[in-house]
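Step one of this worksheet: look at the structure below.
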Amino acid sequence: MPRILSRVPLAGNYPAAVIMVLLALSPYLILTTATSFALPVLMHDLSATRFELQLTSGMSNAGYAFGAVGAADLLQRLPRRVVYLLAESGFVLGSVLALSAPGIGLFMAGLILQGLCTGMLLVSALPPLILGHGIERLPFTAAVISIGLFGMVTAGPLVGGLIGSYGGWRLLYTSVAVLAAVGLTLGALTFESNEPYARGTRFDWLAIPLAFGTAFLPFFGVSWLSRGSFSDAAFLAPVIVGLLIGAVLIVGQYHKKNALMPVRPISNTLPVSGTLGAMLVGAAFTTLLELAEVYLEEVARYSPIKSGALIAPMVLGVVIASVLFKQLVTTRWTPVLALSGIVSVAVGAGILLAVSASNASAVVPVAMLFLGFGAGAGVTPGLFLAGFSVSAAQLGPTFALVELLRSEAAFLIGPVLVHLAMTTGSDFADGYRTSVVVTLILTVVGGLVVIGIWLAGGSRPKRPDLAAWASGTSTAFHSPPIGARFRKA
């Protein structure tokens, strides 16, 4: 581990470190899913169009994905304490811009800054929490990360429902700013400094600009669908170019010596299956959540607060998954838990096919419970499968890569299938079922691909060697290459 340069008052205090990470990640993640039910209120108060708010959300999510990669680059040259404090300060500023915005311009700038800084906080804050407090605390840390990443996402619709029914979005952003300020203060008292891993490393002119294009171009194109169609050049060109840039980024990082993101080290059976699973679950979860939200408002005609309450059982699902992950993360069963997340999301999709205007209040909560469990069981374990497959020093860049790919999948597929639902059939109910069926098929096929990768690699569940991983002498998993079983033949 890097040499500690200075001590701070709460250095090494585990409860303080846990609270600091939750304060760093949770506020923004709640906001990402609170917008849908609050949309009419925001449009009125900011004199904004639906497209402008959709663009704001898309660019903010792109900022999150890019911020994670940017932080991985900065942490090579700057102490992690500096990066954390800069990012948390930026988040406070973004929150102040948003809560005081008289119109959409300043509000958009604030949310993009919030997303960018949260991505940076993810990469700067999570690895020290995982690695700096002993392997014996790792199970609890894993559960905290699961709740911090997806537990807060699942709470967003209820918060959005409250705003949609009663207003008060400026109070929400004020609360977020206060929480971020507390996180900044706690970070200053808790976060230890370190010697940068590669102080003389130059700016990565391949990875950073390509990551910027990979994040922002497709997200702009998808946002355009709120005012256009699939045939519009403003949708097709950014999405196609952005995805091509992403392919160049991944191939370039695979072949580059001393690459910023460890594409080559995680290009084997377990991390590939974990990353694909996280992408698949993230995309299916986001899509089904957005479809359910629109259905409750447009077809069932429920109020925002009732709709948010019906979706709230997702939180319980994530908590159950997090408790299971706490028990399993140090065992050989983490890959099985990750697979159960895919299965649970598929079950949730199947249940949502049975929803109607008359039974939505009974069917939707059950589906949301399965979706919440699927998100908690599928994404964070997938993240750890990748993290355990590289050296501890590469944990931050690995998280940045996985989050970039997961965000790309989640926030591209969801809006596309929601737009498909709105433009297919005689009404939204018809289009809704079409999009849910497409999501279910993608989830099942994707799950079969993940299982196929396991079988082709000949990978059997094994307990991770966490002691060697934490000490930096080895990876926790020694995963076979892709298709290892056939290579032997």
query: Where the side chain of T33 meets the backbone of V153, is there a donor-acceptor pair that is under 3.5 Å apart?
result: yes
message: Would the distance check show the side chain of T269 and the main-chain N or O of P480 forming a donor-acceptor pair, the cut-off being under 3.5 Å?
response: yes
Show me the side-chain donor-acceptor pairs of residues 156-163 shorter than 3.5 Å, one per line, residues at least two apart or across chains.
none

query: Considering all heavy atoms of both residues, which atom of L383 and which atom of E403 are nearest to each other, and what is their separation?
result: CD1-OE2, 4.2 Å
query: Between atom NZ of K326 and atom CG of L138, what is the distance when rounded to the nearest 0.5 Å?
result: 11.0 Å
field: Residue pair Y64, F411: steps toward the ring pair (Phe, Tyr, Trp, His ring centres under 6.0 Å) verdict
entry: CA-CA 11 Å; Y64 170 81; F411 295 108; 7.9 Å; no
- line: Taken to the nearest 0.5 Å, the spacing of F140 CZ from S322 OG works out to 10.5 Å
query: Is there a donor-acceptor pair under 3.5 Å between the side chain of S193 and the backbone N or O of R81?
result: no
query: Can you name the nearest heavy-atom pair linking S124 to F191, along with the distance?
result: O-CZ, 3.2 Å
message: Test your reading of the model: is there a side-chain donor-acceptor pair from T32 to the backbone of L29, 3.5 Å cut-off?
response: yes
- prompt: What heavy-atom pair brings E408 and P218 nearest, and what distance separates the two atoms?
  reply: OE2-CG, 3.3 Å
query: Under the side-chain contact (heavy atoms from CB on, under 4.5 Å) criterion, do L260 and V69 qualify, and how do the steps go?
result: CA-CA 9 Å; L260 172 62; V69 179; 4.1 Å; yes
message: Aromatic contact between Y173 and F107, with the criterion being ring centroids under 6.0 Å apart: yes or no?
response: yes
Donor-acceptor contact below 3.5 Å, side chain R264 vs main chain Q253: no
- prompt: Any side-chain heavy-atom pair from L74 and M120 closer than 4.5 angstrom?
  reply: yes
message: Counting only heavy atoms from other residues, nucleotides and ligands, does the tally under 6.0 Å from CZ of F370 exceed 12?
response: no
statement: Closest heavy-atom pair, T398 versus P262, reported as atoms and distance to 0.1 Å, is OG1-CG, 3.1 Å
query: Do the side chains of T287 and L442 get nearer than 4.5 Å, heavy atoms only?
result: no
field: Side-chain touch L39/L53, heavy atoms, less than 4.5 angstrom
entry: yes
task: Please tell me if the side chains of V21 and V144 come closer than 4.5 Å, counting only heavy atoms from C-beta onward.
output: no
field: Worked verdict on L280 versus V345 for side-chain contact (heavy atoms from CB on, under 4.5 Å)
entry: CA-CA 10 Å; L280 177 65; V345 169; over 6 Å; no
query: Any side-chain heavy-atom pair from S340 and F373 closer than 4.5 angstrom?
result: yes
- prompt: Taking C-beta and beyond as the side chain, do K256 and D204 meet within less than 4.5 Å on heavy atoms?
  reply: yes
field: Between CG on residue L404 and OG1 on residue T214, distance to nearest 0.5 Å
entry: 6.5 Å
task: Look at the side chain of T331 and the backbone N and O of L328, then say whether any donor-acceptor pair between them is shorter than 3.5 Å.
output: yes
task: Report yes or no: does T443 contribute a side-chain atom to a donor-acceptor pair with the main-chain N or O of V343 at less than 3.5 Å?
output: no
- request: Check the pair L129, Y14 against side-chain contact (heavy atoms from CB on, under 4.5 Å), reporting the backbone distance first and the verdict last.
  value: CA-CA 8 Å; L129 177 64; Y14 181 66; 3.9 Å; yes
- prompt: Do you know the tightest heavy-atom contact between S100 and V96?
  reply: OG-O, 2.7 Å
message: Strictly distance-based, threshold 3.5 Å: is any side-chain N or O of S273 a donor or acceptor partner for the main-chain N or O of L270?
response: yes
task: Please assess F216 against F212 for the test ring pair (Phe, Tyr, Trp, His ring centres under 6.0 Å), listing each intermediate value before the final yes or no.
output: CA-CA 6 Å; F216 282 94; F212 184 89; 4.5 Å; yes
- request: Measure the shortest side-chain to side-chain distance between N61 and S407 over non-hydrogen atoms and say whether it is less than 4.5 angstrom.
  value: no
message: For a quick test of reading the model, state the closest non-hydrogen atom pair linking T475 to V390 and the distance between them.
response: CG2-C, 3.5 Å
- prompt: When rounded to the nearest 0.5 angstrom, what distance separates CH2 in W333 from CZ in F325?
  reply: 15.5 Å
- prompt: Are any of the side-chain heavy atoms of I130 and F384 separated by less than 4.5 Å?
  reply: yes
- line: dist M261:CE -> Y254:OH (nearest 0.5 Å) comes out at 15.0 Å
S471 side-chain N/O to A468 backbone N/O, donor-acceptor pair under 3.5 Å: yes
Check: A142 main-chain N/O paired with S146 side-chain donor or acceptor under 3.5 Å: no
- prompt: Given the rule in the side-chain contact (heavy atoms from CB on, under 4.5 Å) test, do V176 and I30 qualify, once you have shown the distances and angles that lead to the verdict?
  reply: CA-CA 10 Å; V176 165; I30 290 176; over 6 Å; no
message: Just verifying a value: how many Å separate I245 CD1 and L249 CG, rounded to the nearest 0.5 Å?
response: 9.5 Å
